[in-house]
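All values below were derived from every heavy atom in this structure, side-chain atoms included, with hydrogens, water molecules and symmetry-related copies excluded.
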Amino acid sequence: MKKIYQYFEKLYNENRMTQAFLIGNVVYDDIKVELEKTINDFIFKNNIELEENPDIYIIKTEDGYLSKEKIKELLNNLSHTSQFNNTKLYIIEDCEKMSDTVYNAMLKTLEEPSPGIYAILLTNNIDAVKPTIVSRCQKIFVNSSKERKEKDENIVIESTEIIENLEKYGIESIAKFNKIYTIINDREKFLK
């Protein structure tokens, strides 16, 4: 999957890095390794694991929502001096699940980011993220491994179905199962 890394690399090389990013169609656990390498190479410039870096805050949902207490704690932590390179970063998973209170508390950090503070917001549903947040972030859309796995499974099922129909009905399969006809590139050779 290196889409996130390549996106940051391009921004970095073109000197267009901002402080807020919205990554769509992802789950933290699916992109953790790539995100870690990306953050180490383009933001912190060292090799510290995400969950061991005292200047990285990872906020995940609890019981389907982002708690006000976690956001208050995050905002308090962001106000203290960083331990590495005057840089801090927070990652919020399922940012579309922010309540209005949490949203209002976070909005100021996105509208007026302090120097050296970066935000990475993750979402599975970009349409559910408040437009004000979307407009203040650079957007990256990724296919999660779950979606890829489902697509791969669907391809296997459809392929198996097509093969079984060809074996059972031969050329008549085209008339009975039009899916077959749409994927055949050279129909003339198939009919021979």
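With Glu34 contributing its side chain and Ile4 its backbone, the two residues share a donor-acceptor pair below 3.5 Å. Checked by atom type and distance alone, the side chain of Asn125 pairs as donor or acceptor with a backbone atom of Asp127 at under 3.5 Å. No donor-acceptor pair under 3.5 Å is formed between the side chain of Lys139 and the backbone N or O of Gly24. In this structure a side-chain-to-backbone donor-acceptor pair under 3.5 Å is present from Arg136 to Thr132. With hydrogens and angles ignored, the 3.5 Å screen pairs a side-chain donor or acceptor of Glu36 with a backbone N or O of Leu50. Using a distance-only test at 3.5 Å, with no hydrogens or angles considered, a donor-acceptor pair links the side chain of Ser99 to the main chain of Val102. Between the Asp55 side chain and the Ser82 main chain, no donor and acceptor come within less than 3.5 Å of each other. Between the side chain of Thr87 and the backbone N or O of Asn85 there is at least one donor-acceptor pair closer than 3.5 Å.
Smallest separation of non-hydrogen atoms from Lys3 and Phe141: NZ-O, 2.7 Å. In plain terms, the two heavy atoms of Lys97 and Thr61 that are nearest each other are CD-CG2, 3.9 Å. Closest approach of Arg16 and Gln138 over heavy atoms only: O-NE2, 3.3 Å.
With no hydrogens or angles considered, a side-chain donor-acceptor pair links Tyr57 and Lys88 at under 3.5 Å. Side-chain atoms of Tyr7 and Thr38 form no donor-acceptor pair, as typed in the model, at a separation below 3.5 Å.
Aromatic ring orientation, Tyr12 versus Phe42: tilted (interplanar angle from 30° to 60°).
Ile92 places a side-chain heavy atom less than 4.5 Å from the side chain of Met98. Inter-residue side-chain proximity for Thr123 and Asp94 is flagged as unmet; no heavy-atom pair is nearer than 4.5 Å. You'll find the side chain of Thr18 stays beyond 4.5 Å of the side chain of Leu11, heavy atoms only. With a 4.5 Å cut-off on side-chain heavy atoms, Ile91 and Ile39 count as touching. Taking 4.5 Å as the limit, some side-chain heavy atom of Ile133 sits within range of a side-chain heavy atom of Val129. Annotation: side chain of Asn124 is not in contact with side chain of Glu93 (no heavy-atom distance under 4.5 Å). Taking the side chain as every heavy atom from C-beta outward, Tyr90 and Met106 approach each other to under 4.5 Å. Between Leu35 and Ile23 the shortest side-chain heavy-atom distance falls below 4.5 Å.
Taking Glu9 as the reference, nothing meets the salt bridge (charged side-chain N to carboxylate O under 4.0 Å, His left out) condition, with sequence neighbours excluded. Taking the salt bridge (charged side-chain N to carboxylate O under 4.0 Å, His left out) definition, one finds that Lys130 meets it with Asp100, sequence neighbours left out. Residues passing the salt bridge (charged side-chain N to carboxylate O under 4.0 Å, His left out) test with Lys45: none are found, sequence neighbours excluded.
Residue-environment remark: NZ (Lys72) stays at or below the threshold of 12 foreign heavy atoms within 6.0 Å.
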query: What's the verdict on ring pair (Phe, Tyr, Trp, His ring centres under 6.0 Å) for Tyr118 and Phe21, showing C-alpha distance, side-chain angles and the deciding distance?
result: CA-CA 8 Å; Tyr118 294 87; Phe21 303 90; 7.1 Å; no
task: Take Thr109 and Ile117 through the side-chain contact (heavy atoms from CB on, under 4.5 Å) test and state the conclusion after the steps.
output: CA-CA 9 Å; Thr109 64; Ile117 295 180; 5.9 Å; no
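Under the 4.5 Å side-chain contact rule for hydrophobic residues, Val33 and Ile48 do not share a cluster.
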